[in-house]
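Notes to accompany the following structure.
Note that this is a predicted model, so its numbers are computed, not measured.
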Amino acid sequence: MRMNEFETRTAEYIAQHHMVQKGDTVIVALSGGADSMALFRFFLSRREAFGITLRAAHVNHGLRGANADADADFVRGQCAAHGVLLDETKLNAPGHASEAWGREQRYLFFARLARQYGAKVATAHTENDNAETVLFRLARGSSVRGAAGIPPVRDVYIRPLLWAQRAQIEAYLACCGAAFVTDATNKTDLYARNQIRHGALPVLENAHPGAVHNFARFAGEMAELAEYLDTQAKALLAQALLKPPEYLPQKLAPAYDAAVLAGAPAPVRRAALASLIAQIAPQKTELVADAERVLQRGGAVQLCKTHVFCVAQGKAFLPAQPDAAARAGTAWNCPLLPGVHEAPGGMRLTVRLLNYEKTVNSGKDAENHLKFCADYDRIQQGVCFRTRRSGDVFRPAGRGVTKPLKKWLSEQKLPLAARELLPVLAAGSEILWAPGFGFAERLAAGRQTKTAVMIEMRQMEEL
């Protein structure tokens with residue numbers, strides 16, 4: 001491929017995906033290898049035409065000793081020769097550092113630079129890299145989104161060479177007379193991706209010429225399908241979302257109608273479940289199949305140490321583990337005093353004392369107010385707000401029966417995490433007030449009441 005043809009196709013690909021605008025700062029992720037040097041030389045030749053500021057970034061992972069240092073020297077020399085400012089870092093690699101560790105550290109460095117300069121970061125991923133990624137993800141177990149491969153644009157990252165194969169890149173470098181370095185570890189099969197690169201892809205390309213390009217085309221189609229399914233999944237989740245009772249902390253995990261989710265077309269249902277799982281465990285979308293089974297039968301799937309995907313009593317939700325929720329609220333308690341008090345789960349309790357006689361005679365709102373009032377003089381000193389405890393019992397006004405608080409909350413079909421965070425007013429093990437139930441029967445206001453007490457609970461953001 002001639003130099004002009006390569007640069008024209010790259011510029012067209014950039015325009016197609018709206019990667020670069022006039023005035024941008026573009027940082028080339030420059031390892032010194034063939035792909036990144038081709039990207040570097042391309043931007044050198046087009047920076048004035050694009051109207052951009054060009055910079056480079058290099059990461060020495062600290063894994064290859066003198067060879068890595070030599071690569072850094074090479075990159076330094078290339079940037080100096082062409083008047084391009086370079087940011088570089090040398091990492092202190094832990095023992096048995098993995099490929100994933102290197103990638104994570106690399107992108108952390110790039111992200112810092114992007115924020116510092118308000119820049120875009122150009123990486124030299126190619127069509128070959130895209131094919132390898134698709135094969136790797138399919139073999140590992142992937143959703144449609146995973147099969148979409150490497151996106152041309154993601155956040156601040158752009159991939160202008162995603163259209164090109166390595167043979168085209170090497171031909172371009174030869175036309176430019178540009179030098180590059182070779183990482184010897186890329187020739188080994190130490191990493192799984194190298195095994196795909198040196199084994200699976202050549203075999204497939206030999207059996208079906210054009211296989212690499214076809215994988216990339218497939219990835220593009222999957223990206224379009226993923227976008228469509230994401231839109232449908234958002235609509236499904238919005239339809240299935242259950243409005244929580246007003247007295248529940250809004251910061252708890254939202255609940256969804258399990259029947260609505262289960263009744264959706266399978267691809268949309270799986271996309272919705274993948275979206276929910278990704279909120280908690282982005283790398284665990286392979287658990288979608290397990291979540292589907294739970295959706296049909298009930299039960300739970302462990303997503304990570306702190307969260308599960310749970311289906312119970314017709315609801316699907318992703319609560320924190322009960323023990324974590326319990327630890328978040330057990331230390332909290334607060335005396336019953338007039339005023340506003342912070343409670344677990346991002347809630348606030350407002351305690352008001354009212355003149356009972358004036359409230360009774362206040363007009364149309366009197367009856368509504370009195371539903372939520374109790375006789376303040378019947379409440380002994382020493383009561384406090386706290387979270388529930390084992391052995392709590394409650395006799396709500398108008399219910400005519402005393403039960404363990406645990407049973408009352410279970411009958412309300414509250415998620416376990418919500419029960420652990422729910423504030424109650426208690427005298428020892430007797431519950432005097434609970435959100436959604438009101439006061440205990442023995443505290444009911446009547447003719448002898450002088451001072452009434454009202455308790456309201458609201459989300460902090462609403463106040």
Side-chain angles (χ1 to χ4, degrees), residues 244-249 252 325-326 328-360 365-460 462-463:
E246 292 182 359
Y247 57 83
L248 276 187
L252 290 171
T330 49
W332 177 79
N333 65 75
C334 176
L336 176 66
L337 295 171
V340 180
H341 310 282
E342 293 189 8
M347 307 300 290
R348 280 187 178 174
L349 296 168
T350 302
V351 179
R352 297 175 182 170
L353 299 184
L354 309 171
N355 182 296
Y356 184 74
E357 184 177 354
K358 287 184 178 180
T359 303
V360 169
D365 290 333
E367 184 177 348
N368 186 50
H369 274 76
L370 292 174
K371 288 180 182 178
F372 303 99
C373 288
D375 190 328
Y376 185 64
D377 295 325
R378 293 187 185 184
I379 300 176
Q380 298 177 352
Q381 293 184 349
V383 304
C384 67
F385 292 107
R386 60 168 172 79
T387 49
R388 74 183 183 102
R389 298 174 185 167
S390 177
D392 284 344
V393 294
F394 191 26
R395 187 181 181 90
R399 303 296 180 100
V401 62
T402 301
K403 294 182 186 179
L405 178 63
K406 179 179 180 180
K407 286 191 175 181
W408 286 114
L409 298 179
S410 179
E411 289 172 4
Q412 291 290 97
K413 297 184 179 181
L414 298 184
L416 188 54
R419 301 178 208 171
E420 301 298 347
L421 291 174
L422 207 64
V424 295
L425 181 67
S429 62
E430 181 190 6
I431 301 303
L432 305 180
W433 171 89
F437 295 92
F439 286 94
E441 187 175 273
R442 73 175 182 84
L443 300 181
R447 293 181 179 179
Q448 304 303 316
T449 301
K450 295 181 179 180
T451 302
V453 59
M454 177 185 291
I455 301 172
E456 296 176 335
M457 188 172 82
R458 298 176 66 185
Q459 193 75 21
M460 285 186 186
E462 297 177 1
L463 298 174

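- Although no hydrogens or angles enter the test, the distance criterion places no donor-acceptor pair under 3.5 Å between the side chain of Arg388 and the main chain of Lys406.
- The minimum heavy-atom distance linking Met454 with Cys373 is given by the pair CE-SG, 3.9 Å.
- Residues Ala434 and Ile431 approach most closely at CB-CG2, 4.3 Å, considering heavy atoms.
- Taking all atoms of both residues into account, the shortest heavy-atom contact from Tyr356 to Ala452 is CD1-CB, 4.1 Å.
- Rounded to the nearest 0.5 Å, atoms CG (Leu353) and CG (Leu336) are 8.0 Å apart.
- Using cut-offs of 30° and 60° on the angle between ring planes, the pair Phe437 and Trp408 is perpendicular.
- The CG atom of Leu425 sits 6.0 Å away from the CD1 atom of Ile379 when rounded to the nearest 0.5 Å.
- Contact detail for Ser429 and Gly391: the closest heavy-atom pair is CB-O, 3.8 Å.
- Between Val453 and Val351 there is a side-chain heavy-atom pair separated by less than 4.5 Å.
- To the nearest 0.5 Å, atoms OG1 (Thr402) and CD (Glu430) are separated by 8.5 Å.
- Here the CG-CG distance, from Leu443 to Asp377, works out to 11.0 Å after rounding to the nearest 0.5 Å.
- Minimum interatomic distance between Glu441 and Gly398 (heavy atoms only, all atoms of both residues): OE1-N, 4.1 Å.
- Atom-to-atom distance recorded for Glu456:CD and Arg348:CZ is 14.0 Å, nearest 0.5 angstrom.
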Quiz prompt | Audit row: Arg442, Leu432, side-chain contact (heavy atoms from CB on, under 4.5 Å) steps and yes/no | solution = CA-CA 9 Å; Arg442 73 175 182 84; Leu432 305 180; 3.6 Å; yes
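- Residues Ala426 and Arg386 come closest through the heavy atom pair CB-NH2, 3.4 Å.
- Ring planes of Phe385 and His341: tilted class, angle from 30 to 60°.
- Within a 6.0 Å radius of CD in Glu411, other residues, nucleotides and ligands contribute more than 12 heavy atoms.
- Taking CZ from Arg378 and OG1 from Thr449, the interatomic distance works out to 6.0 Å, rounded to the nearest 0.5 Å.
- Surrounding NZ of Lys403 are more than 12 heavy atoms belonging to other residues, nucleotides or ligands, all under 6.0 Å away.
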